[in-house]
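All values below come from the heavy atoms of this structure, side chains included, with hydrogens, waters and symmetry mates left out.
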Amino acid sequence: MKPRYVILAALAATTLFALAAGSISKLPEPWLLAGQNPEHYDIGLDSGETVSGRGGKFIRNIDGVDKSWGTLMQSIAAKNYVGQRLRFQAKVKTSDVKSAGLWMRVDKPDKRATAFYNSQDKPIVGSTGWQLRSVVLDVPADSSEIAFGVLLHGKGQVWLDELSLEVVGKDVPVDSFPQKPSTPADRPSL
């Protein structure tokens with residue numbers, strides 16, 4: 001066998017071994033890291049943790065600081081979704097998380113949120129296998145931007161795979177925070 005073919009065969013075998021073992025790489029734009037203290041977190045693509053075979057996007061706490069939060073996110077223009085109901089959906093896997101969840105926000109041109117939901121009423125806690133999660137919001141006529149991603153509060157790691165952003169019918173309920181029961185002090189007097 002010619003030396004050139006031996007080297008190519010060795011490189012191919014090494015690449016296959018690295019893919020089988022799982023490798024970490026940077027996420028392409030438009031994915032970004034944000035949050036209260038993004039310096040406590042890292043994001044990337046993990047070929048070893050995947051449902052789709054293309055690698056799971058992840059956010060992980062890198063220094064064990066438990067009183068912060070970070071998000072793996074992106075933003076898109078709202079123009080293609082104005083007046084419609086939108087679902088952000090992903091398969092989610094966690095390792096030793098305090099609290100994690102999908103989120104989505106619809107902003108007006110002045111950057112004020114017109115719709116927002118962050119899964120705080122149904123967080124993912126601890127270590128879990130792959131599970132399907134989603135957030136559904138309406139996109140009002142005055143919307144300019146849609147931001148979405150996954151939140152990680154404190155320690156641990158979260159992976160996302162098989163992400164989708166799709167228009168759904170009005171028969172799919174919008175996510176909202178539960179209303180606190182009213183107390184006699186909250187009720188108007190007659």
Side-chain angles (χ1 to χ4, degrees), residues 14-76 81 86-107 113 115-137 145-168 172-177:
T14 304
T15 302
L16 286 174
F17 178 74
L19 287 174
S23 63
I24 306 296
S25 59
K26 289 186 116 182
L27 278 174
E29 288 186 17
W31 290 104
L32 59 102
L33 174 63
Q36 179 185 30
N37 299 102
E39 67 274 10
H40 297 298
Y41 296 89
D42 184 27
I43 61 172
L45 186 66
D46 184 348
S47 67
E49 290 293 342
T50 183
V51 177
S52 67
R54 295 182 302 267
K57 295 158 187 58
F58 69 83
I59 180 170
R60 64 181 168 202
N61 185 295
I62 55 175
D63 59 11
V65 173
D66 200 29
K67 301 211 183 296
S68 63
W69 63 269
T71 181
L72 167 61
M73 65 167 287
Q74 65 175 275
S75 295
I76 61 170
Y81 303 103
L86 191 61
R87 175 170 51 205
F88 167 48
Q89 183 169 276
K91 295 259 178 97
V92 182
K93 181 177 178 178
T94 61
S95 176
D96 196 29
V97 299
K98 179 178 177 181
S99 175
L102 296 184
W103 67 274
M104 184 165 50
R105 187 185 70 235
V106 181
D107 290 340
F116 174 72
Y117 181 75
N118 70 1
S119 302
Q120 74 182 22
D121 59 324
K122 49 185 174 187
I124 304 169
V125 179
S127 297
T128 66
W130 290 104
Q131 56 185 286
L132 187 62
R133 292 289 182 122
S134 66
V135 175
V136 178
L137 293 176
E145 189 173 58
I146 301 167
F148 55 92
V150 65
L151 283 167
L152 175 58
H153 295 269
K155 299 183 222 176
Q157 182 165 350
V158 181
W159 293 266
L160 298 177
D161 204 357
E162 294 188 348
L163 290 81
S164 65
L165 197 58
E166 62 184 337
V167 174
V168 295
V172 178
V174 170
D175 284 299
S176 62
F177 299 107

Next on the checklist: I need the single residue from Asn118, Thr71, Asp175 that forms a side chain to side chain donor-acceptor pair (under 3.5 Å) with Trp103. Which is it?
Outcome noted: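 Result: among Asn118, Thr71, Asp175, Thr71 is the only option passing the side chain to side chain donor-acceptor pair (under 3.5 Å) with Trp103.
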[Y] backbone acceptor or donor facing [X] side chain under 3.5 Å:
X      : Y      : answer
Ser52  : Arg54  : yes
Asp66  : Gly154 : no
Ser95  : Gly156 : no
Tyr41  : Asp63  : no
Thr94  : Thr128 : yes
Ser99  : Val125 : no
Asp161 : Val51  : yes
Thr50  : Gly55  : yes

Checklist entry - Are Lys91 and Trp130 in a cation-pi contact, defined as NZ or CZ under 6.0 Å from the six-membered ring centre and within 45° of the axis? => result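 No, Lys91 and Trp130 do not form such a contact.
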Next on the checklist: Determine whether Val150 and Arg133 satisfy the following criterion, side-chain contact (heavy atoms from CB on, under 4.5 Å), listing intermediate values before the conclusion.
Outcome noted: CA-CA 10 Å; Val150 65; Arg133 292 289 182 122; over 6 Å; no
Side chain proximity check, [X] to [Y], heavy atoms < 4.5 angstrom:
X      : Y      : value
Met73  : Leu32  : yes
Leu27  : Leu72  : yes
Lys57  : Leu163 : yes
Ser119 : Val135 : yes
Tyr117 : Val174 : no

Atom pair [atom1] ([X]) and [atom2] ([Y]), whose distance is rounded to the nearest 0.5 Å:
X      : Y     : atom1 : atom2 : answer
Asp42  : Lys26 : CG    : NZ    : 9.5 Å
Glu39  : Leu33 : CD    : CG    : 9.0 Å
Lys67  : Lys98 : NZ    : NZ    : 5.5 Å
Leu160 : Lys93 : CG    : NZ    : 13.0 Å
Ser164 : Gln89 : OG    : CD    : 4.5 Å

Next on the checklist: Does Ile76 form a side-chain contact (heavy atoms from CB on, under 4.5 Å) with Tyr81? I'd like the steps, not just the answer.
Outcome noted: CA-CA 10 Å; Ile76 61 170; Tyr81 303 103; 3.7 Å; yes
Next on the checklist: Pair Leu137, Ile146 - check side-chain contact (heavy atoms from CB on, under 4.5 Å), show working.
Outcome noted: CA-CA 10 Å; Leu137 293 176; Ile146 301 167; over 6 Å; no
Atom of [X], atom of [Y] and distance for their closest heavy-atom approach:
X      : Y      : value
Gly64  : Lys155 : O-CE, 3.5 Å
Ser23  : Ser47  : N-OG, 2.7 Å
Trp159 : Phe58  : CD1-CB, 3.7 Å

Checklist entry - What orientation do Phe148 and Trp31 show, parallel under 30°, tilted 30 to 60°, or perpendicular over 60°? => result perpendicular
Checklist entry - Going through the checks in order, is the side-chain contact (heavy atoms from CB on, under 4.5 Å) test met by Asn37 and Val65? => result CA-CA 10 Å; Asn37 299 102; Val65 173; over 6 Å; no
Checklist entry - Are Arg60 and Asp46 within salt-bridge range, i.e. N to O under 4.0 Å? => result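 No, Arg60 and Asp46 are not salt-bridged.
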